[in-house]
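This report refers to the structure that appears directly beneath it.
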Amino acid sequence: MQAKKQLQKHQRNTSNNSIYRIPVVVHIIHDGEDEGKGLNLSDETIKTLIKNVNDDFRRKSGTRGHNTHPSGVDTQIEFHLAQISPEGLPTTGIRRIDYNKLLDSLGREGIEGYRTAGYWNPEQYFNIWFSRFSRGFLGRAEFPETDLPGIPQPTEKIEEDGIFINSTYFMEGEEGPYGLGRTLTHEIGHFLGLLHVWGIKSNCENDDYCDDTPLVSGPHGSCSGSTPLACNGEPAMIENYMDYSDDACMNIFTKDQMVRMRTVLEHSPRRKTLTTSPGLIRSDIGANTVKTYPNPALETLNVEFGLNVLGLSHEWILYNLQGQIIQRFTFVAKHQMVFNLPLVASKVLILKIQGPALNTTQKIMIGN
Ligand SMILES: [Zn+2]
């Protein structure tokens with residue numbers, strides 16, 4: 001009952017229906033194969049998997065993620081490969097790591113491999129590692145820090161905060177029951193605070209704290225044959241992403257599950273910061289433009305550069321109204337930068353920023 005109240009309290013807090021966009025970095029840990037071969041999954045494979053995840057989370061019509069179930073919802077949560085690296089430079093959001101070259105020669109595969117393969121700041125990026133695991137292991141997720149009921153103690157190792165996926169199910173020629181990538185959808189559900197539909201233990205006494213997923217005594221596997229029954233005698237929701245059913249029959253997140261995930265994205269450390277991360281271009285600046293703020297400025301000026309000019313050398317020239325140069329230097333453009341302004345008596349300065357694909361002149365007001 002306490003748990004129910006808590007969820008209702010959060011439900012009121014999640015009244016906004018904005019779309020959350022989460023930047024993803026994928027770390028592919030491979031065995032030295034050429035790109036697209038073996039464990040070294042191709043960019044296309046990764047992009048297809050991310051697209052499928054979005055079809056599922058957005059319940060997109062015309063895709064496998066669509067459903068017409070009365071409890072089924074569009075969670076309004078999306079995942080996008082990062083556009084900007086931690087260094088502020090353009091990125092594909094996909095890293096490739098040959099585990100033969102990792103310094104640590106022991107336990108390079110599986111979870112041990114992740115520690116040496118590295119991660120991006122989990123405050124700003126959702127880390128997904130792909131590596132070889134033994135068959136039968138599909139994936140693993142770290143839970144968020146949250147006071148939502150039922151969540152196990154999350155990891156204290158922030159370098160493992162993310163999800164781990166067994167690459168072998170996505171290699172060329174692989175056509176098993178998990179090839180559609182619903183393992184990602186399921187593990188992301190955990191990452192955002194969802195439990196399995198049967199709760200923590202396999203009996204009818206545990207709950208997943210979502211009233212609209214019928215309580216079941218344990219996981220379901222194959223989805224052929226007659227629909228199994230839930231603890232209360234109604235049909236079980238084997239289509240729920242938080243069951244263990246085959247990929248082909250999964251297509252439901254419910255409203256209560258959506259509320260839990262959005263609650264985590266609005267309150268939990270290393271989750272809520274993802275929704276405003278600089279890993280995705282969020283401002284309205286064009287690819288070849290620049291945005292400066294605040295105006296008026298005091299001692300510093302924030303400058304955001306569009307995608308096409310990142311990594312390029314630029315010249316910064318600051319003039320006073322008499323046309324005298326009072327500050328001049330060159331720099332390499334990164335997505336978000338902060339520049340110190342010189343101490344001057346002028347209330348108005350003219351800023352020129354020039355580069356190979358950018359030439360802008362702006363009036364900068366100084367003062368309160
Ligand atoms: Zn699970």
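First listed ligand is number 1; within each ligand, the first listed atom is number 1. From a predicted model like this one, the values you see are computed outputs, not experimental measurements. Only heavy atoms go into these numbers, but all of them, side chains included; no hydrogens, no water, no symmetry mates.
Residues Arg64 and Asp55 are not paired through a salt bridge, judged by the lack of any N-O separation under 4.0 Å between the basic side chain and the carboxylate.
A donor and an acceptor atom, one from each side chain of Ser71 and Asp212, are nowhere located under 3.5 Å apart. In this structure, a donor-acceptor pair under 3.5 Å is absent between the side chains of Asn295 and Gln362.
Any protein N/O/S atom under 2.8 Å from the Zn ion (ligand 1) was counted, giving 3 altogether.
Clustering ILVMFWY residues whenever any of their side-chain heavy atoms sit less than 4.5 angstrom apart, transitively, puts Tyr99 in the very cluster that holds Ile128.
Here the options are Phe191, Tyr244, Phe253, Tyr241, the test is ring-ring contact (aromatic ring centres under 6.0 Å, His included), and the partner is His186; only Tyr244 passes. Partner of Phe79 under the ring-ring contact (aromatic ring centres under 6.0 Å, His included) criterion, chosen from Tyr125, Tyr20, Phe57: Phe57.
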